Asker: 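Shown below is the structure under consideration.
Keep in mind that what you see is a predicted model, and the values were worked out from it rather than measured. FYI, side chains are in, hydrogens and waters are out, and symmetry mates aren't considered; it's all heavy atoms of this structure. Order of the sequence lines sets the chain letters (A, B, ...), proteins ahead of strands, with each chain counted from 1.
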Amino acid sequence: MEQFIEIEGKTVESAIEEALMKLDIDREDADIEIIDEGNKGLFGLIGSRSAVVRVYKKTNYEDIVRNFLCPILTSMGVSEDISVCKDGDNTINVRLMSDNIGIVIGRRGETLDALQYLLGLVVNKYSDNFVRVTLNVGDYREKREETLERLARKLAGRVSRTRKNMTLEPMNPYERRIIHATLQDYPYVETFSIGEEPNRKVVIKYRYKREND
Amino acid sequence: MKELLESIAKSLVDNPECVSVNEIEGEQSLILELRVADDDMGKVIGKQGRIAKAIRTVMKAAALRNNKRVVVEIIQ
């Protein structure tokens with residue numbers, strides 16, 4: 001989905017400049033391909049050929065993210081304080097800073113996850129290879145992770161005391177993963193998931209002995 | 001709200017010029033009818049309605065401020 005234009009000019013230089021102006025971008029945001037170097041010809045008369053360049057606009061993820069999120073945030077009455085940082089080639093981390101973050105997060109992160117999902121689709125529309133997009137508000141995701149780890153340990157303790165299995169509330173794959181990972185090496189319990197998305201739940205099961213005992 | 005749904009839909013589809021939203025205002029709810037090009041239906045619905053669900057979730061959150069229920073309908 002790369003955008004490009006082809007421009008003819010007297011020289012390569014002037015063609016590039018015209019193309020950059022038409023695309024309204026700076027030189028560092030462009031990939032330039034020279035199709036024809038052109039030829040001044042003899043005395044500028046015989047055999048003269050114009051230069052042809054093709055100028056591609058580089059995908060600017062930050063603009064894509066902003067263009068998508070800003071109208072949504074405005075209508076939610078949330079300030080548009082967005083920071084976009086690329087983490088390697090295939091991950092983009094977007095963080096919002098706002099006082100009124102409850103509305104962006106929603107019930108159990110529902111709205112935030114929906115926004116993250118849509119944002120991922122939009123960014124990947126402009127990208128040839130898959131880009132993972134994460135969206136965070138303040139330090140919501142970190143806090144949620146801590147909460148889930150704490151919950152997992154508390155419930156695992158209860159399961160190993162009462163020897164009764166426990167089923168947690170429905171969670172998304174990312175949250176279930178946190179529970180599984182937290183209890184991976186926990187004595188007397190094992191975890192697995194039941195049900196279908198979006199109602200898949202983690203079950204913490206009592207296990208008589210650790211396998212390596 | 002109409003503009004918001006339009007802008008979300010336009011950024012998802014391949015034919016943004018074919019996106020249109022019709023607003024029907026009720027007593028307590030606001031119905032937004034979203035129309036997109038036939039080829040783009042999948043882009044706003046998604047596998048098992050996942051995209052449609054995400055759009056509705058975001059629209060609901062945006063509507064919270066106005067104390068109105070918003071219903072997004074995708075029309076063929």
Asker: So how far is it from A/Ile204 CD1 to A/Ile179 CD1, rounded to the nearest 0.5 Å?
Answerer: 6.5 Å

Asker: Heavy atoms only: give me the nearest A/Ile64-A/Val122 pair and the separation to one decimal.
Answerer: CG2-CG1, 3.8 Å

Asker: Looking at A/Arg141 and A/Glu145, is any side-chain nitrogen of the basic one under 4.0 Å from a carboxylate oxygen of the acidic one?
Answerer: no

Asker: What verdict does the side chain to side chain contact (heavy atoms under 4.5 Å, CB included) test give for A/Tyr188 and A/Arg163, after you've listed the backbone C-alpha separation in whole Å, the side-chain angles of each residue and the deciding distance to 0.1 Å?
Answerer: CA-CA 9 Å; A/Tyr188 302 114; A/Arg163 305 189 177 191; over 6 Å; no

Asker: Under a 3.5 Å threshold, yes or no: a donor from one side chain and an acceptor from the other, between A/Asn129 and A/Asn90?
Answerer: yes

Asker: Is chain A contacted by the side chain of B/Val13, its backbone, both, or neither, given a heavy-atom distance below 4.5 Å?
Answerer: backbone

Asker: Can you find a pair of side-chain heavy atoms, one from A/Asp26 and one from A/Leu20, that are under 4.5 Å apart?
Answerer: no

Asker: If you count heavy-atom pairs under 4.5 Å with chain A, which of B/Ile55, B/Leu12, B/Leu64 comes out on top?
Answerer: B/Leu12

Asker: Working to the nearest 0.5 Å, report the span between CE of B/Met41 and CD1 of B/Ile45.
Answerer: 4.0 Å

Asker: Between chain A and chain B, identify every pair of one donor and one acceptor N or O atom lying under 3.5 Å apart.
Answerer:
{"residue": "A/Ser75", "atom": "O", "partner": "B/Arg65", "partner atom": "NE", "Å": "3.4"}
{"residue": "A/Ser75", "atom": "O", "partner": "B/Arg65", "partner atom": "NH2", "Å": "3.3"}
{"residue": "A/Lys125", "atom": "NZ", "partner": "B/Ser11", "partner atom": "O", "Å": "3.2"}
{"residue": "A/Lys125", "atom": "NZ", "partner": "B/Val13", "partner atom": "O", "Å": "2.6"}

